[in-house]
Amino acid sequence: MIEKTRAKTFTKNPIIGTKFTIAVSSAKGGVGKSTFASNLALALNKQGCKVGLLDADIYGPSLPKLFDINQKPESDGQNLIPINKYDIQCMSIGFLTDEQTPMIWRGPMVTSAIKTFTQKVAWKNLDFIIVDMPPGTGDTQLTFSQEVKMDGVIIVSTPQELALQDVKRGIKMFDKLGTKILGLIDNMSFFLGDDGKKYNIFGEGAVKRTADEFDKEFLGEIPISPEVGKQGDIGIPIVQGLPDHLISKIYLKLAEKIKKIYF
Ligand code: ADP
């Protein structure tokens, strides 16, 4: 699939209504990609940016649950109007479908859904759109990288070797497609005990080593914390619900760093 991209030149359209589009990707499901994307969006907003969050995981949308959004977006006759929550403009296929409906879609249908989300949504005056990609190296990543002007991608991983094998594939894919990798995040990196000690449950340093191996930036570690899961479950991500938590502070620092890259 990637080979074909060399022969064909694609027109990359910017998403109308935003200055910069940043994707959050992961090689595997369950590493905390959607949690990361939503908290990063909120942290950028707290750094004074206008932010949109596009849940591009057509097969497994998370945004309705993570932001506790149960309403359907309205249309202005031409475009879908994003749903505003926590001062973030949000769009997800999950707003349009029943929570339990499986999305049994073929590749071309995914491509056309992505076109709708990038060209037919009335995003307004945004500094950033954070795109929560599905896991893996499939149609969505390919369509975005070929047809949408992407300003960067952040790859989220956990430290297990099994996850990292796929991360390497992901890095190579984005490199070949010419999408700039802003860096790698080591999520659920360690557990901070009540004794103040770091417990490296899944091993230590493997995400950073992978970043070094491919000459990519290592953007940092996010520890495991039960509060992250709890906040996700009640639809108020940790940065919004517990802004003074250690993890929220990590997100705010990261958002500051990302803002500085572009502004
Ligand atoms: P993905 O988008 O990669 O499939 P999710 O964002 O849905 O992953 O996260 C998977 C699960 O892991 C969720 O229950 C989420 O709350 C939890 N999780 C994510 N990051 C952390 C963390 N740093 N500490 C604890 N739990 C986390």
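Every number for a ligand or one of its atoms is a count from 1 in the order of the listing.
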One should read off an interatomic distance between Thr118 OG1 and Glu147 CD, to the nearest 0.5 angstrom, of 8.0 Å

**Q.** Distance under 6.0 Å and angle within 45° of ring axis: Lys198 vs Phe190
**A.** yes

Polar pairs, ligand 1 vs protein, N/O only, below 3.5 Å.
| from | atom 1 | to | atom 2 | distance (Å) |
| --- | --- | --- | --- | --- |
| ligand 1 | 2 (O) | Lys33 | N | 3.4 |
| ligand 1 | 2 (O) | Lys33 | NZ | 3.4 |
| ligand 1 | 2 (O) | Ser34 | N | 2.8 |
| ligand 1 | 2 (O) | Ser34 | OG | 3.0 |
| ligand 1 | 3 (O) | Gly30 | N | 3.2 |
| ligand 1 | 3 (O) | Val31 | N | 3.0 |
| ligand 1 | 3 (O) | Gly32 | N | 3.0 |
| ligand 1 | 3 (O) | Lys33 | N | 2.9 |
| ligand 1 | 4 (O) | Gly30 | N | 2.7 |
| ligand 1 | 6 (O) | Ser34 | N | 3.3 |
| ligand 1 | 6 (O) | Thr35 | N | 2.8 |
| ligand 1 | 6 (O) | Thr35 | OG1 | 2.6 |
| ligand 1 | 8 (O) | Gly32 | N | 3.0 |
| ligand 1 | 20 (N) | Asn187 | ND2 | 3.0 |
| ligand 1 | 23 (N) | Asn187 | OD1 | 3.2 |
| ligand 1 | 23 (N) | Pro223 | O | 2.9 |
| ligand 1 | 24 (N) | Ser225 | N | 3.0 |
| ligand 1 | 24 (N) | Ser225 | O | 3.4 |

By side-chain contact (heavy atoms from CB on, under 4.5 Å), Pro134 pairs with (sequence neighbours left out) Asp57, Thr140, Gln141

For Tyr199, the other hydrophobic cluster members (4.5 Å side-chain criterion, sorted by chain and number) are Met188, Phe191, Ile201, Phe202, Ile224

Shortest non-hydrogen pair, Val207 vs Ile185, comes out as CG1-O, 3.9 Å

The salt bridge (Lys or Arg N to Asp or Glu O under 4.0 Å) partners of Lys216 (sequence neighbours excluded) come to Asp175

